[in-house]
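Here the structure is a predicted model, which is why all the values come from computation and not from measurement. Throughout, a chain's letter reflects where its sequence line sits, starting with A, and its residues are numbered from 1.
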Amino acid sequence: MLQKCKTAEEASKLSKACQDLLLEVEHSKKPVVAAIMGSCLGGGLEVAMACHYRIAVTESKTVLGLPEVLLGLLPGGGGTQRFLQLTSLPATLDMILTGKSVKADKAKKLGLVDLTVQPLGPGLDKPDQQTLQHLEKVAVQTAENLASGTIKAKREKSVTDRILAAALKYNFVKDYIFNKAKAQVMKQTNGLYPAPLKILEVLRTTVDKGFEAGYVAENQGFGQLAVTKESRGLIGLFQGQTECKKNRFGKPERSAKTIGVIGAGLMGAGIAQVSVKGFEVLLKDAAAGGLARGQNQVYAGLEKSMKRKKITSFERDRIASNLVGTLNYEPFKHCDMVIEAVFEDLSLKHRIVKEVEAIIPEHCIFATNTSALPITKIAEASKRPEKVIGMHYFSPVDKMQLLEIITNPKTSRDTIASAVDVGLRQGKVVITVGDGPGFYTSRVLSFMMAEAYRLLLEGVEPRKLDKLGKSFGFPVGPVTLTDEVGIDVGAHIGEYLTKCFGERFAGANPEVLNSLVKAGITGRKSGKGFFVYEKGFKGEKPVCTEALDVLKKYSLVPKGLQSDEDIQFRLASRFINEALLCLEEGILANPAEGDIGAVFGLGFPPFTGGPFRFVDEFGADKLVTIMRKFEAAYGKCFTPCQLLLDHSKSNKKFYVRA
Amino acid sequence: MAAQISRVNSVAFLRSGTRNVSTTLPALYAAGQKTKPSLARPNQKNIVLVDAVRTPFLLSGTNYAKLMPHDLARNALLGLVQKTGFPKELVEYIAFGTVIQEVKTSNVAREAALGAGFSEKTPAHTVTMACISSNQAMSTCIGYMQSGVYDVCVAGGVEFMSDVPIRHSRKMRSVMLKANKAKTVGQRLSLLSQLDLKALIPELPAVAEFSTGETMGHSADRLAASFNISRKDQDAFALRSHQFAHDAAEKGLLSDIIPYQVPGQDKPITCDNGIRVSAPEQLQKLKPAFIKPHGTVTAANASFLTDGASACLMMTEDKAKQLGLKPKAYLRDFVYVSQDPKDQLLLGPAYATPRVLEKAGLGMNDIDVWEVHEAFAAQILANLSAMDSDWFCKTYMGRSGKVGAPDMSKFNLWGGSLSIGHPFGATGVRLAIHAANRLIHEDGKYACIAACAAGGQGVGMIIERHPDGKL
């Protein structure tokens, strides 16, 4: 419905109509009780809030929230106004600005829900069905009691909330709260997202002028946001994400139960950590010390979830029991899938393939976690390459949502289906790409990084480069990212990709990174990279002078093209062009997976919706013009790919707009 | 053995390993109790229940309040000796059940036995399995006797809720333990400085599941909703329990009670003090105790916290004959079951009953006396409903159809835990002796006892009247 709105006015009208309808509910003389089971998000919660009483089931699937901000919108059905009425200003700001959702118990504490009902277990019908019937029974009883006056909705606010409400009469208190919230928004978004700022505006209007003005501000704000390119980008991203939570290869023949993870390092233990909830996990390491570290990492993750009340201590124990540590391959006899996460070295991986294949059962899939080594090469050591697949996890595994699955030409369809199934059950957003140097994500990132290093050699300050990256919309700047990933890792991949892509990969001399590594500067893990990292140090990290000294030895003469915008586009265009090339070459199956991979794996600005949507919005022709300018100075590495040229000529789009 | 001779279908039994009485012998059932066959098995010792006693069950915080758990247990043991006239030194082993342990007497069986003047040479242990702890004490002894370790055992149980261990906080405990080792004033002071106000808050025990954190009453209320058990039905069942217990007490049928002269009190305690026949209107007025405001479980239709102890004398039938005793009953098959501690916490009887009946080769109609633990009226009614539901029996119990509900005219006719009271650790023996006494009183042959327990567990036991049994 929203996508059909062409102008802000149309969208505003839609919002107004929704507000009016819900006001009718609110003003109804008959008591209306909202019985909530399942997710009550966005418009659903707005309807519930317009009712006179809310009853929710306390189970993990029942969550309440207003996630509109995540789609670049604001709740346009009176949501901002009623949330404020039911809860407090700080709670409203927290929930609406972040879009997070809460379970029924927390919602009751916030004042969002009046009564909670516990789910029922086995009885005379299916538990879900019974719970629903019970909820309905309680809700109907409540409505009758409300009508007869035997119960009244008790909405006593806490003392602190009441003091705050009184204090809100003073402008300086309002200013303080709103300034603080705005500072937080700016810090998190760099001002690149209009929705949270608009939400602040709407709420400020309400606090200043009352709810009537608030409703108007809300529907106006909704209209304005609905037609922003940021909203379009975020909605597109959401749709892509939904697609990537499905298995486009269908159901695997058998559902994996036991997963063996080889290597208990940060990566291996991270994979174990996301797997223990749904699988029996065998974590194998060569050394007892390494294994213990890995097991502790998994347990610490569960402990954290428990402290955040995502799981109970009992669930923690149960889940932790799914993890079995081992120093030999013996238990792998019963594995359905092995994921190896050892050091990125082809001969080592070959050895592992052979060792593991000697013991695993016939149906077991061998997955290799690598960020760049071609799967086809790894599969060469295998007796059964159709069972070999790449699963590229991102660090830290428990936080990064993306999983890039890489097939080799011999990988069977069932192997792919099974790997995607495992990834989805690990809670990942999954893209499936073809084999090639750096696959998709590592490849496009490396091209941008090559340009970043060239900019450093041209004398651009590391801090400035980071700032420009962030103001373009990346969550971290390219220099900090290098330090985080590890300069040695970057050097390793860079060297390899230089061999593969030659001139097109041009940027900085690959020797630069190697010299840094030789000097013991490998990034955050060694305490120094382009910046210096000290434990407990807060504030801006100082630039590492040793690193700058190394850079100086390789310094390049700038060729102009160093305005802020030039720098941003030198970085972004190489990223985007390479992404398009991946689609052109068939590494990517479709633009949506390219967008999801870029945003969730590499932090490509989410509000653009990803590189492909960016090209659609920005205009392929404009991008070609910019690249041609760079090409004139730097040559082939900025030559637009054929797909981009085609789109620029024909005005074709990657996504059809509804 | 005489019992073996009376086996009707021993050939079939030898082949299948189970008894098969009712299905092949409908005529026998119709003929009356006396002709029902014994459940004895060849090559298996017959274990008999000679007799059992219990202290009066009192609401916690009343007349027993100043005692300790082993005092109650000791009194039950003494009462058993007095009632049976059985020499203490012939007892070879003692097992007791208890739930909330007094830390000073963690093996309360041993402390009670020593205090009651049993032989120092009689070993004793304490078991815990929530509300079926004394069933577990009994079945442990049955196991010892059947495997030939002992011939004479005493099993019992005790619960004392008037005083429960309330602990210092973990932080406080850790500091206190370290304080033992602190040598200098400086070390002690530094320990003291670790304490904050929070450390002073004590930890209270709760009748809640460790795994789910849910209190039992809350779970019972959800169970009631799952089986559509109304508040009215629950109140009516509670009232029934109180009325039956009241009548049984009036008629002097509760002969398992032994009087307790609590030191310092002017007269002995001779009866349970939780039995209260209230008017239905009074019950109706109560507010829900756990789920407010729409819950259905109230203080009146739930069992109350109780102090009490029970003990029974069990032995092999041969030994009883040798000693010239007249046992009341045989203790036959038993089974323990367990299921999901969250949503099926209290459904033990529904699962255990058909299984133990099958083991014994009996059908629902063969049972003359039902003694089922009443934790909550809702729990009893839910279990009955579950057993009578095709859907539940098929979906959750993996059966071909419903088990059917017990005949209510044979069900808990002397009241139950709702009225008599429920000292967690002691109830199992009370169920057994009520079953045995009722078999004699009501001229029946087989009794089935069943109970639920925290942790989602349950028990079923078959008791057969002994030909020599007298009230």
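- Of the two parts of A:I151, neither the backbone nor the side chain holds a non-hydrogen atom closer than 4.5 Å to a non-hydrogen atom of chain B.
- Rounded to the nearest 0.5 angstrom, A:Q118 CD and B:E214 CD are separated by 6.5 Å.
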Could you walk me through whether A:F314 and B:K342 pass side-chain contact (heavy atoms from CB on, under 4.5 Å), step by step? CA-CA 12 Å; A:F314 180 68; B:K342 170 95 185 145; over 6 Å; no
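- Taking all atoms of both residues into account, the shortest heavy-atom contact from B:Y396 to A:P127 is OH-CD, 3.3 Å.
- Annotation: A:R318, atom CZ; neighbour count of heavy atoms from other residues, nucleotides and ligands within 6.0 Å does not exceed 12.
- Considering A:Q141, A:K137, A:H134 in turn, A:H134 is the only one that fulfils the side-chain contact (heavy atoms from CB on, under 4.5 Å) rule with B:H294.
- Looking at every heavy atom in both residues, B:S226 comes nearest to A:P122 through CB-O, 3.6 Å.
- Within 6.0 Å of the CZ atom in A:R308, the count of heavy atoms belonging to other residues, nucleotides or ligands does not exceed 12.
- The contact between B:F227 and chain A is made by backbone and side chain atoms together, counting heavy-atom distances below 4.5 Å.
- To the nearest 0.5 angstrom, A:L124 atom CG is 9.0 Å from B:F392 atom CZ.
- Neither the backbone nor the side chain of A:T150 comes within contact range of chain B, judged by heavy atoms closer than 4.5 Å.
- The number of heavy atoms from other shown groups lying within 6.0 Å of CD (A:E253) does not exceed 12.
- Annotation for A:R162: atom CZ counts as buried by contact number, over 12 foreign heavy atoms lying within 6.0 Å.
- Environment of NE2 in B:H168: sparse, with no more than 12 heavy atoms of neighbouring residues, nucleotides or ligands closer than 6.0 Å.
- Interatomic distance, A:K126 NZ to B:T395 OG1, rounded to the nearest 0.5 Å: 8.5 Å.
- Residue B:A386 does not touch chain A at all, counting heavy-atom pairs closer than 4.5 Å.
- Under a cut-off of 6.0 angstrom, the local environment of CD in A:E136 is sparse, with at most 12 non-hydrogen atoms contributed by other residues, nucleotides or ligands.
- The neighbour count for A:K157 NZ, taken as heavy atoms of other residues, nucleotides or ligands under 6.0 Å away, is above 12.
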